[in-house]
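Step one of this worksheet: look at the structure below.
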Amino acid sequence: MNDTIRVYDLAHCRAGDKGNTSNVSVIAYEETDWSFLRDTLTEERVMAAYAHIAEGPVTRYEVPKLKALNFVIEKALGGGVTISLAQDIHGKGLSNVMLAIELPAGGRNQASLNT
Amino acid sequence: MTQHRNTIRIGCGAGQSDDRVPPAVELAKHGALDYLVFECLAERTIGRETLSKLHDPDKGYTPSLHERLRAVLPICHANNIRIVSNMGAANPVAGARAMRREAQDLGLGDIPCAVVLGDDVAEVVRARPNLTILETGEPLESILPNLVSANAYLGADVVAQAIGTGAPVVLTGRVADPSLFLAPMLHEFGWSYDDLTKLSVGTITGHLMECSSSVTGGCFAWPGRKAVPDLARLGYPIAEVSADGSIRITKTPGSGGRIDVMTCTEQLLYEMHDPTAYITPDCVLDITDVELTNDGPDQVAVRGPRAKPRTPTYKVVVGHTDGYIGEGEVSFGGIDAVARAKMAAETVRERLEMQGRVFQDYRVDLIGMSSLHGAVDRRPEPYEVRLRVAARAKDRKAAEAVGFEVRSMHMHGPGGAGGGKGPMVREVLAVKSLLLPRELVRTEVVMEGRL
């Protein structure tokens, strides 16, 4: 067992756009992994993963009943859909950056491993 | 005397102006619908339609209205399904006339249309140059010379009023997406526009529905991880809502796709920031206590939305011209593909600089390497890569030069380039937001044709 685990292994994500702000949801497959993600997938860690794309800041919201975290990443979309020079002007694919984040797996209940 | 119903079924036949048409036809045929909603306006599309209205006063509605309505009008007419749509865009009255001509041509006779007006606030904001642009904090005055359009996001109240006329088709301009779905509920159930619980029910339903297939398995399938049955025949969603506020989300019977707690959760959080405060013109939705439950195959029950009272302002989206974007592409493969692409990018930059071109924004993408998620150092080099350069300029000629210089790389650049494309140039129609006190917006329902 590796000592890191990807967000991809624990959760599914979707990105949405509003102006120059992207929001990326992180929805745990399992309840226990939601707690693990809440403890480890911090605003700082997410900002670091998006640092080469977005200026930030990153704000995290918790929605426990949906087993979800919602990250709001500001200044992420090249000025917004209408003026962005990017190919993916909506940043629809920005959820993939979240999925690829590696988290230290220590502290995660191995019994809840979801594959 | 209005007879209030107990349960209605609302389908979403489009979540964007160029949405697919066949699933809407399936939905109208097999969805046992009372209402079919088409949400067809992105932030900037109304600006684009305002420009086409300037060229031709009979245009300015969503161009796909013709194709969409030709496909569904006969079915809706036969099955008594009422249509509600923001395809009126910048010219809902012209849209209504176009719809009525289509109905005549289809042999459906004279179909009246209720039209919602009042979202166009261009004159109101022009007279108030001191309004603050939300994104920049600057006064509106700074973009007034280039202003193309200004539209307030209207709420469900005026749409419900239009439905109340009894017209089989309701067309609007800018209305908040969820409000298009809340409106039939207000009308059918006689809900008060101040009943916050009911407003939250209609708003969360609308938010789940507004992007068509995004709740039925679109933007979701992932090989080996998240299965979506029969993705090619992805069905569109249906909301079954009752007067007591219970909600079930399902989809066209027999269609492909998938509705369950996972797809609904992704869509619920889509474009949401603070989950306690999703602001619409009708209310401020709070989803923190929402529970989604799988309630049978492709059926999800939604419980527990709440709302706070609506804000004293309407959000207004202002469209303004903002120069031109030019781009070009060229490909490199094989040995040192990335190094040659980078050499080409540098040469293009130098040539544009030598010509004295000025750009507000300039971007170099290596497609296959770093074009989607930015450049990071530890990515392996691919076998082939496509260079893309895009830039924004005040001057059309400067924007054209970008694509011209990129394309010419297959002759005047590094060795072994191919597939040059350019110049691609488009005028930029940018958007900004404002808040406008409600009392400055006057909504109105007018009829096209006789009931």
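Note on naming: letters A, B, ... go to the chains in the order of the sequence lines (proteins, then strands), and numbering restarts at 1 for each one.
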Contact origin within [X] toward chain A - heavy atom pairs under 4.5 Å:
{"X": "B:L268", "answer": "side chain"}
{"X": "B:T276", "answer": "neither"}
{"X": "B:K432", "answer": "neither"}
{"X": "B:D365", "answer": "side chain"}
{"X": "B:E135", "answer": "neither"}

Contacting region of [X] [heavy-atom separation from chain B under 4.5 Å]:
{"X": "A:D17", "answer": "both"}
{"X": "A:I89", "answer": "side chain"}
{"X": "A:K92", "answer": "side chain"}
{"X": "A:I83", "answer": "both"}
{"X": "A:I27", "answer": "side chain"}

Is there a donor-acceptor contact under 3.5 Å from the side chain of [X] to the main chain of [Y]?
{"X": "B:H373", "Y": "A:G93", "value": "yes"}
{"X": "B:R225", "Y": "A:Y8", "value": "yes"}
{"X": "B:R44", "Y": "A:V81", "value": "no"}
{"X": "B:R392", "Y": "A:S84", "value": "no"}
{"X": "B:D361", "Y": "A:L85", "value": "no"}

**Prompt:** Is the closest side-chain heavy-atom distance between A:R14 and B:Q267 below 4.5 Å?
**Reply:** yes

**Item:** Residue pair A:T82 / B:L429, side-chain heavy-atom distance below 4.5 Å
**Value:** no

Heavy-atom pair with the smallest gap, counting every atom of [X] and [Y]:
{"X": "B:V290", "Y": "A:K65", "value": "O-CB, 3.7 Å"}
{"X": "B:I287", "Y": "A:L66", "value": "CD1-CD1, 4.0 Å"}
{"X": "B:S371", "Y": "A:Q87", "value": "OG-NE2, 2.7 Å"}
{"X": "B:W222", "Y": "A:L99", "value": "CH2-CD1, 3.6 Å"}

**Asked** What distance do A:Y61 atom OH and B:H273 atom NE2 have between them, rounded to the nearest 0.5 Å?
**Response** 8.5 Å

Name the option with the most non-hydrogen atom pairs under 4.5 Å to chain A; the candidates are [options].
{"options": "B:E327, B:K226, B:R388", "answer": "B:R388"}
{"options": "B:G304, B:S214, B:C264, B:G47", "answer": "B:S214"}
{"options": "B:V428, B:V261, B:T265", "answer": "B:T265"}

**Asked** chain B: which of A:A68, A:C13, A:G80 shares the most heavy-atom pairs with it under 4.5 Å?
**Response** A:C13

**Closest-packed option against chain B by number of heavy-atom pairs under 4.5 Å, given A:S25, A:G19, A:G16, A:A86** = A:A86

**Request:** Please work out which of the three classes, parallel, tilted or perpendicular, describes the rings of A:H12 and B:F220, given edges at 30° and 60°.
**Result:** perpendicular

